[in-house]
Every structure is written in structure tokens, then in C-alpha cells.
Amino acid sequence: LAAAFLLQYIEISQCTYNTVVGSTTVNDSWHLNPTSQQSFDLVFSLKKSWTFDEWQPSQLSFEFDGFTPNQTRADGEFIIVFSVNNQQYFSVVIPMDTNLDTWKYYPADMFQTAENVYNDIIIGSESQTRWQRTSNNANWSNISSDYRNALEWPFTITLNNNPWNHTFQYQCILSDATLQFEYASEMLANLPIDVYILNNASNGSSFDIYSVRVTKWTDAV
């Protein structure tokens, strides 16, 4: 018998971009060029109907398209923080430069929690950089020690949540590799998800995001 599933997709058209730190829109794209390490550059939020199912395996897929300028290819990376209900989160590093940096994630073993992700992690202490705030003071782990290529747009991130066996899998699907890690617990279900994007550089190493397309798959068996 063929497996039954439900499939939905949406193109993200409305995001909150932080003009205070220098993020703007240019030609219907988001231009991330922060002048400080404060706060975030871009965030989009998914309502409960667009988040994980409490009883069935489900997947969220994020297709990103954008552009990396030459200056950023010399020294640049950005951080994505996935936060559920402002209390459970994990972070990943997307390298854009050609310095053979590794792709990283935090935490290594299981989801991290906070009383208030926005206040404690995204805003956090002014004395900490974005790199430190989103990883408990730079406590990053390598997703793969072998893969060190710079990002080539477009790319896709999939989040696979399975309440049946209490597991979660992250995949970053690139043109030449798929990078992944797993947790032995599932993400909180039926709760809103915020996706924060933070340029790790505040020295003019900007980049553009042209589009974000979100697809939701749910096992309907």
C-alpha cells in the first residue's frame, strides 16, 4: 500500500527585518548588513498550523535562495536559530567564505531550552557576540569534520520530527552534499516556530536572501 501524507507549501513574503542594526530590503530581497552584534537581522514566524504534528511524523522544509558578494566569500557566515514557543531551540552555522570552515551546530546532544529564547539568546548580553549568545559561549560542534565548502545558493534545510520513536533529524541539502545530525528527542509540537537569521559579521560582509519557501509534510496514516 502506498503511504498517505499531507503536503502544504508557502512562500515567505513577510518577515521582520531589523533596521536598527542595518537590515533592509533591496529589490524585493532581504539585505543583511548589520552594523553591530546586537539582536537579529531577520525573523519569520510559523503559526501552529505550520508546525510539527503531535502524533504523526512530520517534516518542515525550508528552501533558501540568495546571493553572497565577493567580500563575504573572503570572510563571512551566518547563524540560523530555530525556536519553538520561545523556549526550545537549536542553532546552526552556515559558512559563506572560502576559508575551509566547518559547518556547525549547537547543542550537540539534545535541544537547548531557555526561559525566553528571544530575551535570553537573541537579545542576550551586550557583552556577547552573536556567535557566543547562540551557542552558550561558543560551544559549537561540527556537523561534519570533512565537509568544508562554502555555501552555494540555493540550499534546503529539512527538519524531521518523529513522535513515534522520539527522534529529530536536521538535514542541510546542498548541491554536493547533505549534512545532518540527530537528537534522541522530538521538537515540541503544535506550537509556533520562529526562525531567526543572524549575520555573524558586522564589518560589511553582507549577503542577500532572495526567497524562502516552506513546505510541510505530515504522515496521514
Side-chain angles (χ1 to χ4, degrees), residues 12 14-18 20-23 30 32-34 36-48 50-52 60-64 66 76-96 101-143 151 155-161 168-172 179-183 185-189 191-202 205 207 209 212 214:
I12 298 296
Q14 294 185 347
C15 291
T16 299
Y17 55 94
N18 196 341
V20 174
V21 298
S23 298
W30 295 289
L32 280 64
N33 188 24
S36 80
Q37 288 285 300
Q38 296 178 358
S39 189
F40 65 94
D41 295 311
L42 189 71
V43 60
F44 57 89
S45 302
L46 302 178
K47 297 179 180 179
K48 290 198 296 184
W50 271 94
T51 57
F52 295 115
L60 292 175
S61 175
F62 303 85
E63 300 174 50
F64 293 88
E77 62 211 347
F78 64 95
I79 299 166
I80 305 179
V81 178
F82 294 90
S83 168
V84 182
N85 203 39
N86 200 32
Q87 64 186 79
Q88 182 190 59
Y89 75 97
F90 72 93
S91 312
V92 295
V93 175
I94 311 292
M96 295 182 290
D101 292 329
T102 56
W103 297 54
K104 302 180 184 297
Y105 72 110
Y106 170 83
D109 301 319
M110 60 188 301
F111 296 108
Q112 186 60 275
T113 58
E115 289 188 11
N116 187 306
V117 171
Y118 179 76
N119 288 337
D120 300 342
I121 307 303
I122 304 302
I123 301 300
S125 170
E126 292 185 2
S127 64
Q128 287 188 311
T129 63
R130 293 174 167 185
W131 183 265
Q132 294 170 325
R133 294 199 309 270
T134 57
S135 62
N136 190 23
N137 200 27
N139 193 23
W140 297 102
S141 298
N142 293 334
I143 299 178
L151 172 68
F155 72 102
T156 300
I157 289 176
T158 63
L159 310 180
N160 299 284
N161 210 49
F168 171 88
Q169 181 190 62
Y170 165 95
Q171 289 185 314
C172 184
L179 309 179
Q180 65 183 49
F181 63 85
E182 296 184 2
Y183 292 142
S185 62
E186 69 266 38
M187 246 184 164
L188 297 172
L191 292 169
I193 296 177
D194 294 314
V195 181
Y196 296 95
I197 300 178
L198 305 87
N199 188 342
N200 191 45
S202 50
S205 295
F207 67 99
I209 295 179
V212 182
V214 182

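By the 4.5 Å heavy-atom criterion applied to side chains, Phe40 and Asp194 are not counted as neighbours. Taking 4.5 Å as the limit, some side-chain heavy atom of Val92 sits within range of a side-chain heavy atom of Phe181. In this structure, the side chains of Lys47 and Pro192 stay at 4.5 Å or more apart for every pair of heavy atoms. In this structure, the side chains of Leu46 and Leu60 come closer than 4.5 Å at one or more pairs of heavy atoms. With a 4.5 Å cut-off on side-chain heavy atoms, Phe44 and Trp30 do not count as touching. Using a 4.5 Å heavy-atom cutoff, the side chains of Leu179 and Phe155 are not in contact. Counting only heavy atoms from C-beta outward, the side chains of Asn200 and Ile79 approach each other to under 4.5 Å.
The distance between the ring centers of Phe82 and Phe168 does not fall below 6.0 angstrom. Taking the six-membered ring where the residue is Trp, the centroids of Tyr170 and Tyr105 are separated by 6.0 Å or more.
Under the 3.5 Å distance criterion, with hydrogens and angles disregarded, a donor-acceptor pair is assigned to the side chains of Lys104 and Thr102.
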Review point. Would Phe52 and Val84 satisfy side chain to side chain contact (heavy atoms under 4.5 Å, CB included), going step by step from the backbone distance to the final call?
Key: CA-CA 10 Å; Phe52 295 115; Val84 182; 5.5 Å; no
Exercise for review: Please report the C-alpha distance between Leu42 and Phe78 in whole Å, then the side-chain angles of each, then the deciding distance to 0.1 Å, and finally whether the side chain to side chain contact (heavy atoms under 4.5 Å, CB included) criterion is met.
Suggested key: CA-CA 11 Å; Leu42 189 71; Phe78 64 95; over 6 Å; no
Practice item. Please report the C-alpha distance between Thr134 and Tyr106 in whole Å, then the side-chain angles of each, then the deciding distance to 0.1 Å, and finally whether the side chain to side chain contact (heavy atoms under 4.5 Å, CB included) criterion is met. Key: CA-CA 8 Å; Thr134 57; Tyr106 170 83; over 6 Å; no
Practice item. Could you please spell out the steps behind the side chain to side chain contact (heavy atoms under 4.5 Å, CB included) verdict for Leu198 and Trp131? Key: CA-CA 9 Å; Leu198 305 87; Trp131 183 265; over 6 Å; no
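Listed for the Gln37 side chain is a donor-acceptor partner under 3.5 Å among the backbone atoms of Arg130.
Rounded to the nearest 0.5 Å, atoms CG (Asp101) and CD1 (Ile94) are 12.5 Å apart. Distance check: Leu32 CG to Ser202 OG gives 12.5 Å after rounding to the nearest 0.5 Å. Here the straight-line distance linking atom CG of Leu159 with atom CZ of Phe62 works out to 5.0 Å at 0.5 Å rounding. With values rounded to the nearest 0.5 angstrom, Asn161 atom CG is found 8.5 Å from Ser185 atom OG. Note: Ser125 OG to Ile123 CD1 = 11.5 Å, rounded to the nearest 0.5 Å. Between Ser127 atom OG and Gln132 atom CD the span is 7.5 Å, to the nearest 0.5 Å.
Minimum interatomic distance between Pro107 and Gln112 (heavy atoms only, all atoms of both residues): CG-N, 3.7 Å. Across all their heavy atoms, Ser205 and Asn199 have their closest contact at O-ND2, 2.9 Å. Gln180 and Glu182 get closest at one heavy-atom pair: NE2-OE2, 4.4 Å. Across every non-hydrogen atom of Arg133 and Gly124, the tightest pair is CD-CA, 3.7 Å. Between Thr51 and Leu191, the closest heavy-atom pair is CG2-O, 2.9 Å.
The side-chain hydrogen bond (donor to acceptor under 3.5 Å, both in side chains) contacts involving residues 79-93 comprise Asn85-Gln87, Asn86-Asn116, where partners must be two or more places apart or lie in separate chains.
Partner of Glu63 under the side-chain contact (heavy atoms from CB on, under 4.5 Å) criterion, chosen from Val214, Thr156, Ile157, Val212: Thr156.
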